[in-house]
Amino acid sequence: GSVRDLEGWHGQLYARLDGASASAFRTWAPWAHDAVREGEGSLRFWLDVQAGRPVAIQGDMVARGVHMALADDRPVMRFDRLSGRAGWRQGRDAQVLFVEGLRFAGEGMALSEPANVKARLTPAEDGRLRAALIEASGLRLEAFTALASGIPMPRLVHDWLDRLKPRGFIDTAQIDWQGPERFSLKVWFSGLGLDGHGVLPGFSGLDGHILANQDGGEAVLESTDLRYDHPHVFRQPLAFTRLDAPLVWERLPQGGYRFGARRARIGNADLDLMLDGHIDLPAKGAPVAHLVAHLPRGAGNAVWRYLPRNVHDDAHAWLKRGIVAGEGRDARMVLKGPLDRFPFVDGGGEFHVGLDVHNATIDYAPGWPRLSGVEGRLEFKGLGMRIDARRGQVLGIELGPVQGEIADIHHHDSTTPLNFVGVARGRTEAFLEFIRQSPVDVHTGHFARRLRAHGEGELQLRLSLPLHLSLIHI
């Protein structure tokens, strides 16, 4: 037949260009159209034809100084180096697009790791997407995020990428989408991170994998250098040197999802924590928690870091300054109930944290002698905080038992006091020394400095100090 009879064409066309310019790319690589504005390099490609129609094409490229625009309304992407294989093929009921060994380097960007992406797209009879199978490996998110502004995508996707700045490495990933009611996701990642935005927390240094489908899923999250920043919950970023968190989730019969943790562990120099339980996120209504945590070890002078933002500023400031040293042991936390009722003063839930305190030093007010060697029990329950000290000392005076309490650490009230009641025993001279080293000495004209005493004494303590330090008066 005639070469003009395109329907009679069958076979494969091969072409190779060495040292080609951008104009040659546009001529010999018709899929490039006007996308390639500048650049030079080498190209080879294979075009499969059946009955005069292209059914597959793949090409290899090694290029330098490439300027590429994928859409008129998107910025030009500039590559110092660009290499890899790309292709497309048409099947009986689906088409496949793929990229293999894609590597690139832009201005101020290191050469990316070889990335592979394959997408099998199955259209429905009305032209809409009926199914999609996407597989990827070797994706450095920072590199692809840097190019995102030049890739045609919905504006919402561009906005989220700009705000969240995803980073990390996708080792392998697979998305099998058969519709909103039938899909699966498998992804293994390392060094994953996002910037926080709104109520979403920021984090970095996360390793692990996720297996999910329309009914639920499971994940294992690990890290030896986790950074967590959630300004809506904590006043400052947190850092952890250990995370080992097996997580599961499932659909609730009434709608929504249940997220559970099975012996999740997280730790750093301040604490070791093990967490079990779940949080329900119903389709309607507030999240409902059912969590139990155990802290075998915790640093007393770090308690303030992990208090939620709803602990009011004066109580937070006192705990940051007041607990100078000490170790918490065998801490237990219980959080049960709808979180919109936290801390459950009117019932409907339970919140309780209790821990044994060992060898604590407490600076309860500026200018007053510190308490040291405190042994006892610290508890957060409902609105308040309470410490029951079996023993301690101050300037050689033995203390115990002593109870300290802040009735409400959640609501702001500048007059909220820290109340102490208890017993002190020791040499009478030590009691006078306590007065000499406290603000009372100035306000009594240094009267105690002229006194001398002998013998032993016992004192019934009752002290009330406002948490707002500026309100402390003698």
Side-chain angles (χ1 to χ4, degrees), residues 230 232-235 238 261 270-271 273-282 285-296 298-323 326 328-357 360 362 364-365 374-390 401-422 461-468 471:
H230 199 176
H232 282 261
V233 178
F234 299 104
R235 288 173 170 82
L238 303 176
D270 295 336
L271 58 83
L273 181 145
M274 291 181 288
L275 179 68
D276 287 280
H278 61 261
I279 294 180
D280 290 348
L281 302 179
V288 180
H290 193 289
L291 300 173
V292 177
H294 177 217
L295 287 83
N301 60 357
V303 169
W304 61 274
R305 288 194 183 98
Y306 306 95
L307 293 176
R309 187 174 281 279
N310 61 355
V311 172
H312 73 69
D313 291 343
D314 289 340
H316 182 270
W318 185 88
L319 288 165
K320 181 178 180 179
R321 187 196 58 80
I323 302 180
R329 297 175 180 175
D330 194 28
R332 307 279 174 169
M333 183 203 77
V334 176
L335 176 60
K336 297 180 181 179
L339 295 184
D340 61 345
R341 299 185 186 179
F342 179 84
F344 313 115
V345 179
D346 299 322
E350 178 185 0
F351 170 66
H352 179 223
V353 178
L355 64 150
D356 294 328
V357 177
I362 300 177
Y364 50 91
V374 176
E375 304 282 337
R377 183 82 177 163
L378 176 65
E379 292 189 330
F380 297 86
K381 188 173 184 179
L383 291 175
M385 183 199 80
R386 176 186 176 95
I387 182 167
D388 290 290
R390 297 185 302 275
V402 174
Q403 292 81 43
E405 183 178 38
I406 303 174
D408 186 350
I409 65 172
H410 291 272
H411 300 102
H412 179 72
D413 182 351
S414 60
T415 63
T416 298
L418 168 63
N419 296 314
F420 279 109
V421 295
L461 297 175
R462 186 172 296 275
L463 183 65
S464 184
L465 298 172
L467 293 178
H468 200 289
L471 298 179

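Values below: every heavy atom of this structure, side chains too, minus hydrogens, waters and symmetry copies. Since the structure is predicted, the reported quantities are computational estimates derived from the model, not experimental observations.
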For the CG atom of Leu418 and the CH2 atom of Trp318, what is their distance to the nearest 0.5 Å? 5.0 Å
Passes side chain to side chain contact (heavy atoms under 4.5 Å, CB included), His352 versus Glu379? Steps please. CA-CA 7 Å; His352 179 223; Glu379 292 189 330; 3.5 Å; yes
Whether His278 and His290 hold their rings parallel, tilted or perpendicular, with breakpoints at 30° and 60°: parallel
Nearest-0.5 Å distance that lies between atom CG in Asp314 and atom CG in Asp408: 11.5 Å
Under the ring pair (Phe, Tyr, Trp, His ring centres under 6.0 Å) test, which residues partner Phe351, sequence neighbours left out? Phe342
Quick note, salt bridge (Lys or Arg N to Asp or Glu O under 4.0 Å) partners involving residues 330-349, not counting sequence neighbours, are Asp330-Arg332
Find out whether Arg386 and Gln403 are in side-chain contact, i.e. whether some heavy atom of one side chain is under 4.5 Å from a heavy atom of the other. yes
Shortest non-hydrogen contact from Met274 to Pro296? CE-CG, 4.0 Å
Closest non-hydrogen contact found for Gly300 with Ile323 is O-CG2, 3.2 Å
Which heavy atom in Pro338 sits nearest to a heavy atom in Gly348, and how many Å separate them? CD-O, 3.2 Å
Minimal non-hydrogen separation, Ser464 against Pro417, with atom names: OG-CB, 3.4 Å
Considering non-hydrogen atoms only, spot the tightest contact between Leu378 and Met385 and give its length. CD1-CG, 3.8 Å
Spacing of CG belonging to Leu291 relative to CD belonging to Glu350, to within rounding of 0.5 Å: 12.0 Å
Do Phe380 and Ile406 have side chains that approach each other closer than 4.5 Å (heavy atoms only, starting at C-beta)? no
Of all residues at least two apart in sequence or in a different chain, which pass the side-chain contact (heavy atoms from CB on, under 4.5 Å) check with Ala302? Asp270, Ala299, Arg305, Tyr306
Report the distance from atom CG of Asp313 to atom CD1 of Ile409, rounding to the nearest 0.5 Å. 12.5 Å
Provide the closest heavy-atom pair for Ala331 versus Leu355 in the form atom of the first, atom of the second, distance. CB-CB, 3.5 Å
Got a second to check how far Ile279's CD1 is from Leu335's CG, nearest 0.5 Å? 7.5 Å
Spell out, as yes or no, whether a donor-acceptor pair under 3.5 Å connects the side chain of Trp304 to the backbone of Ala317. no
Do Asp356 and Arg377 have side-chain heavy atoms sitting under 4.5 Å apart? yes
